[in-house]
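Below: one structure, written as structure tokens.
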Amino acid sequence: MGWTPLRERINNLPLVLAGPILRRTEPDSVTVWVALKASRRVTLTIFDKNHNFLFENSRTTARIGINLHVVAVTAKASSKILINGENYLYDLDFGNGELLNSPGILTELGSLEDITYSRYKLPSFALPPKNFQDLRIIHGSCRKPHGESLDALAAVDKMIKEALEQEPQKRPHQLFLTGDQIYADDVADVL
């Protein structure tokens, strides 16, 4: 299979090129980052774990390139309504009723299974617990896609899934990637 220039395949790519990435959570605000192939006004909506609406906000993407538009949209509540240690859900609206699960947004068919867990039908997050003894932090260093060992991020995914199925308050709360690898000295041939 040969290389195909982006200009020849951009129309076949989903709207979302990267993300969504949860950037920050506070008791009264949530920020999600996303990169798109087209300009959009993106609305971030926050729900409780029962899909009840909590708050939302919108922001228009910034054009970084011909086919690259990014936004970090922050939804802010009028008070501190998000409770430490609780799980919450979010969705993004890209205009015209196109949500994360709409066909062509993340995948051709609109599947969210790669970014959600079976307990929830939308992406989820939890604020850190009030008691720091209950805080679950995961630390990692560099990713080496061509390494000979198992992918540790797959293990993190499994940890979150199992916690949500058995004891949701025990899901990991923060991931720190603190490696010094800049991917210039040991890069897989495919990259």
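From a predicted model like this one, the values you see are computed outputs, not experimental measurements.
With rounding to the nearest 0.5 angstrom, the OG atom of Ser79 is 8.0 Å from the CG atom of Asp28. In this structure, OH in Tyr120 is found 4.0 Å from CG in Asn87, a value given to the nearest 0.5 Å. Summarising the geometry, atom OG belonging to Ser29 is positioned 11.0 Å from atom CD1 belonging to Ile81; distances are rounded to the nearest 0.5 Å. Taking CZ of Phe125 as the reference point, atom NE2 of His173 lies at 12.0 Å (rounded to 0.5 Å). A distance of 9.5 Å separates CG in Leu68 from OG1 in Thr61, rounded to the nearest 0.5 Å. In this structure, OG in Ser124 is found 7.0 Å from OH in Tyr117, a value given to the nearest 0.5 Å.
Remark: side-chain polar atoms of Asn50 are not paired, donor with acceptor, to backbone N or O of Asn52 under 3.5 angstrom. Formation of a donor-acceptor pair under 3.5 Å by the Asn57 side chain with backbone atoms of Thr74 is found in this model. Looking only at distances, no side-chain donor or acceptor of Ser102 sits under 3.5 Å from a matching main-chain atom of Ile105. At least one donor-acceptor pair under 3.5 Å links the side chain of Lys37 to the backbone N or O of Ile10. The closest donor-acceptor contact from the side chain of Tyr88 to the backbone of Ile83 lies under 3.5 Å.
Annotation: side chain of Met159 is in contact with side chain of Pro172 (closest heavy-atom distance under 4.5 Å). Considering only heavy atoms from C-beta on, Pro27 comes within 4.5 Å of Leu127 through its side chain. Put simply, the side chain of Phe94 reaches to within 4.5 Å of the side chain of Leu100, judged on heavy atoms. Side-chain contact check for Leu106 versus Asn101: every heavy-atom pair is 4.5 Å or farther apart. Here the side chains of Val16 and Leu36 are in contact, with some heavy-atom distance below 4.5 Å. Within the 4.5 Å cutoff, the side chain of Arg171 has no heavy atoms near those of the Arg136 side chain. His139 places none of its side-chain heavy atoms less than 4.5 Å from the side chain of Leu175. In this structure, the side chains of Gln174 and Pro128 come closer than 4.5 Å at one or more pairs of heavy atoms.
For the residue pair Ser58 / Arg41, no side-chain donor-acceptor distance below 3.5 Å is found, with atom types taken as modelled.
The environment of Phe53 atom CZ is dense: over 12 non-hydrogen atoms of other residues, nucleotides or ligands sit within 6.0 angstrom.
Listed by chain and residue number, Glu26 satisfy the salt bridge (charged side-chain N to carboxylate O under 4.0 Å, His left out) test with Arg24 (two or more places apart in sequence, or in another chain). With sequence neighbours left out, the salt bridge (charged side-chain N to carboxylate O under 4.0 Å, His left out) criterion links Arg40 to Glu98.
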